[in-house]
2 protein chains.
Amino acid sequence: MSTRRMPNATIRDVAREAQVSVASVSRALNGHERVRPELRARVQEVAARLGYVPHAGARSLSLARTSAIGVVLPDLHGEFFSELLRGMDREVAAQGLALLLTVLQDGRGLNTLAALRGQVDGLVVMAPQLGAAELRAQLPAGLPAVFLNCVPGLAGAALRVDNAAGAAAMVDHLVAAGARTIAHVAGPVGNVDAEERRAGAVAAAERAGVALTVVQGDFTEASGAAAAAQVARGAIRADALFAANDAMAIGALVALKGHGVAVPRQVRVAGFDDIPLARLVTPALTTMRVDIAALGARAVQLLARRIVAPAEGLVEVDPAGAEAIVPRLVVRDTTTETDRETQS
Amino acid sequence: MSTRRMPNATIRDVAREAQVSVASVSRALNGHERVRPELRARVQEVAARLGYVPHAGARSLSLARTSAIGVVLPDLHGEFFSELLRGMDREVAAQGLALLLTVLQDGRGLNTLAALRGQVDGLVVMAPQLGAAELRAQLPAGLPAVFLNCVPGLAGAALRVDNAAGAAAMVDHLVAAGARTIAHVAGPVGNVDAEERRAGAVAAAERAGVALTVVQGDFTEASGAAAAAQVARGAIRADALFAANDAMAIGALVALKGHGVAVPRQVRVAGFDDIPLARLVTPALTTMRVDIAALGARAVQLLARRIVAPAEGLVEVDPAGAEAIVPRLVVRDTTTETDRETQS
DNA sequence: GTCGTTGATGTAACCGTTTACACGTAACAA
DNA sequence: TTGTTACGTGTAAACGGTTACATCAACGAC
């Protein structure tokens, strides 16, 4: 009760108290095998009594590793951000690592990134707006890294959402649901996700032998509504409207309703992302769900592997060797005739 | 181009290359004053050329501080989580600190917390489900801490959302909007936020002289819908439904619509939190907005202050000395008769 | 009885920084 | 000239761990 006042016990304090050398304390606490059980027990008891916690800095100095990984994220919002971190944290905890978080706000991050070098063993980087050259310049060389949804060709393992496959699956679903003429509301040009989804949709439509018109959008509800208006007016002929994200799909849904178009009877509607709102609108929106937490966990797992064996994983970098997480189709009411009461 | 291959340059490498001592390098790079400008420039040039980044561990060992703060959060979802972290990160970056994130999943966290001791200079802890005794036992003694929405009486500065005042403000608003019989859908028992909101609502209703029935909920949409069903069926008489969070309010809103109850004409609906979804539902939800990012930033600011001056801030701990952030009333369409087109 | 051998423990060097102190130099006052 | 000061720089000792190597005791084989 009264002996534990010392703010920070060191390994030497423990050694003195337990009447052994510092080496023995270190060995006892780190699960070394050549330690007499009796001694190990005594050391553990003393360590607990003194509230000894190894100094992370000293350890990292000695071991040449920090047991921490850095996460660099863009200025994200909401569910995506929290799910990603939750997934990462889960895996990080499992691996006995710590998580150092950095948000890439505005223009900073340039030197912020470099400063991470001394603090972490590896990096999970998500920076859809940065080019490969920029990134490469900023990143500490020789630090294992895993990239999320980045341009390919970086020196590190890459992990991405297979937008193309997801979009293709959605087109297939629409076709199976009876669509013959699809309007795809694309996301902003230059956005990697948007481009991939468009390409996947176009390819799948071609394969399926159905017509597909691409309408330019920008991921906002307004742009979805505008596209829907064109469909409602007949300026674009379509019996299915597939938006590159849920926001546009919902905008379209509202607009179609406003124009007196029946969904899904006259026009089927589908989105992408499965944002929380998707199941709340009426009719509930069919969309593609990405398991964000799994994406985060997988990224950490990959990074941890690359940290212990830097060579591994380098192979899979080149061309399109990035590992992909395939989104899952979530069918709700905007693409199915039956007017179900329950919404999943 | 070819000289920067060395994975990790140390201060000695820089010293050798710049033909000075390590002490001078350290002084030059850390902005010490007694350094000849010419020498400082040379050192900086060499450091940049070699890509030298100080080893954080070594530095923390030498300085007895880590320049990192730990954040311990419950398993939160969505916007709240991301906003809080965004606010924290903003302040943390401004202070030149790093952010170590830990999510308190399930039962773990007990030893996880202790392990943080060696890695951070202070802690921001949010653990609404833990009692004061539990927390005190887990927390490394002598580590500055700031608590968010925790039970009072802990050895550290506290910062909280004034849930009671917020709930009271909402009840007042409902009364002003014509409500005479309020149903309050409470959050899960044991949750501090939920309890405070309920207490605030009950007290305000009493003051205003209106009837208030408490219906048990659990922060999920389903529980909000269930409560609304009771109101719609007449099992509970109420002309206003005030849910302890937006999720329940939205669940209620949808359920009321389903039962053919007009909102806000027959029953006014209000939530708490102002999640993004709140302004998207129709009619748009009246709610209380908490500036979460500001809360996070303020917590970090307070912590940073306590780290440089451990004595400071200890005064404000006792009774109810916790600093409080008061939520702001956001009036939308679920409580006002006028069927406005625009939604703020 | 001596000599390996083996296994448990201690000693001390090292990881990369910071910084108190020592030292050398130059400027200036006496 | 000789002290005194001030300033710039170098030397070396921490900081708290890990671990190669040395040491030492116990034991069995000869």
Side-chain angles (χ1 to χ4, degrees), chain A residues 6-44 46-47 50-68 96 98 115-121 140 142, chain B residues 6-44 46-47 50-68 96 115 117-121 140 142:
Chain A
M6 198 88 63
N8 287 321
T10 76
I11 197 174
R12 269 169 254 274
D13 298 330
V14 177
R16 191 177 332 110
E17 187 78 6
Q19 318 239 38
V20 294
S21 74
V22 291
S24 291
V25 175
S26 179
R27 282 188 285 250
L29 296 179
N30 291 330
H32 234 264
E33 44 187 15
R34 294 290 160 79
V35 179
R36 200 156 38 99
E38 187 270 338
L39 186 150
R40 185 191 303 272
R42 191 167 83 232
V43 168
Q44 280 168 339
V46 171
L50 298 185
Y52 167 71
V53 178
H55 188 290
R59 187 174 237 163
S60 97
L61 189 53
S62 204
L63 293 175
R65 93 184 124 78
T66 62
S67 293
L116 279 175
R117 146 109 71 125
Q119 309 196 57
V120 300
D121 293 333
Chain B
M6 197 89 63
N8 287 323
T10 76
I11 199 174
R12 267 171 257 274
D13 298 330
V14 177
R16 192 178 329 110
E17 186 79 7
Q19 319 239 38
V20 294
S21 73
V22 291
S24 291
V25 174
S26 178
R27 282 188 285 250
L29 296 179
N30 290 330
H32 231 264
E33 43 188 16
R34 296 290 160 79
V35 180
R36 200 156 35 100
E38 187 270 339
L39 186 150
R40 185 190 304 273
R42 190 166 84 232
V43 168
Q44 279 168 341
V46 172
L50 298 185
Y52 166 70
V53 178
H55 188 290
R59 187 173 237 165
S60 98
L61 189 53
S62 201
L63 293 175
R65 93 185 126 77
T66 62
S67 294
R117 146 108 73 125
Q119 308 196 55
V120 300
D121 294 333

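In the text below, chain A, chain B and the rest are named by the order of the sequence lines, each starting its count at 1.
Computed from coordinates, the A/Gln119 CD to C/dT17 C1' distance equals 14 Å when rounded to whole Å. Between the C1' atom of C/dT18 and the CD atom of B/Glu33 lies a distance of 16 Å, rounded to the nearest Å. In this entry the distance linking CZ of B/Arg34 with P of D/dG8 reads 6 Å, nearest Å. Atom CG in A/Leu39 sits roughly 17 Å away from atom P in C/dG7 (whole-Å rounding). A straight line from CG of B/Asp13 to P of C/dT17 spans 9 Å, rounded to a whole angstrom. Atom C1' of nucleotide D/dT9 and atom CZ of B/Arg42 are separated by 11 Å, given to the nearest angstrom.
Every pair passing salt bridge (Lys or Arg N to Asp or Glu O under 4.0 Å) that includes a residue from residues 27-39 of chain B is listed here, sequence neighbours excluded: B/Arg36-B/Glu38, B/Glu38-B/Arg42.
Among the nucleotides D/dG10, C/dT9, C/dG10, the one closest to the side chain of B/Val20 is D/dG10.
By the 4.5 Å heavy-atom criterion applied to side chains, B/Asp13 and B/Arg16 are counted as neighbours. With contacts defined as side-chain heavy-atom distances shorter than 4.5 Å, the pair B/Ile11/B/Ser26 qualifies.
Here the straight-line distance linking atom CG of B/Asn30 with atom CZ of B/Arg40 works out to 9.5 Å at 0.5 Å rounding. Note: B/Thr66 OG1 to A/His55 NE2 = 8.0 Å, rounded to the nearest 0.5 Å.
Contact record, A/Val25 with A/Ala15: CG2-CA, 3.6 Å, taken as the closest heavy-atom pair. A/Gln44 approaches A/Ala28 most closely through the heavy-atom pair NE2-O, 4.4 Å. For the residue pair B/Ser60 and A/Gly57, the shortest heavy atom distance occurs at OG-CA, 3.7 Å. Smallest separation of non-hydrogen atoms from B/Leu29 and B/Tyr52: CD1-CE2, 3.6 Å.
In this model, the phosphate group of D/dG8 is not approached by any side-chain N or O of B/Arg36 to a distance below 4.0 Å at OP1 or OP2.
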Do nucleotides 15-27 of chain D as a string where each nucleotide becomes B, S or -: B if the base has a protein heavy atom under 4.0 Å, S if just the sugar-phosphate does, - if no protein is that close.
-> BBBBB--------
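Summary for the helix from C/dG1-D/dC30 to C/dA30-D/dT1: the axes at its two ends, each from 5 pairs, differ by 70° when rounded to the nearest 10 degrees.
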